[in-house]
Amino acid sequence: MGGITVIGEPERVSGYGLAGVTVRGASDPDAVRRAWSELDPGTALVILTPAAAAQLSAETATATLLTVVMP
């Protein structure tokens, strides 16, 4: 089974670390894109905040891994 990573504003994603999820806090568009480009090759699921998803729309459209956006 692959790993899970969450990307987005630190105040929205920090709690996921308690469940063993890799947390990549990213407060601006450059940080979001950097977090996406540095995903571990074993990542199977990426959870995105709405703001992070908006910055990665082109990347997630062609991704081979599962991505979901928080409500």
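In this structure, Glu59 CD and Arg33 CZ are separated by 7.0 Å, a value rounded to the nearest 0.5 Å. Here the straight-line distance linking atom CD of Gln55 with atom OG1 of Thr60 works out to 11.5 Å at 0.5 Å rounding. Note that CG of Leu39 is 5.0 Å distant from CD1 of Ile7, once rounded to the nearest 0.5 Å. A distance of 5.5 Å separates CH2 in Trp36 from OG1 in Thr67, rounded to the nearest 0.5 Å.
The two residues Gly8 and Ala52 make their nearest non-hydrogen contact at CA-CB, 4.1 Å. Contact between Pro71 and Pro50 at its shortest, heavy atoms only, is O-CG, 4.4 Å. Pro10 and Gly25 get closest at one heavy-atom pair: CG-CA, 4.1 Å.
Judged by distance alone, the side chains of Glu9 and Thr49 do bring a donor and an acceptor atom under 3.5 Å apart.
Within the 4.5 Å cutoff, the side chain of Ile4 has no heavy atoms near those of the Thr22 side chain. No side-chain heavy atom of Val46 sits under 4.5 Å from any side-chain heavy atom of Leu66. By the 4.5 Å heavy-atom criterion applied to side chains, Met70 and Leu48 are not counted as neighbours.
By the criterion of side-chain heavy atoms lying less than 4.5 angstrom apart, applied directly or through intervening Ile, Leu, Val, Met, Phe, Trp or Tyr residues, Val32 is grouped together with Leu65 in one hydrophobic cluster.
Only one option out of Leu18, Thr5, Val6 pairs with Val23 in a side-chain contact (heavy atoms from CB on, under 4.5 Å); it is Val6.
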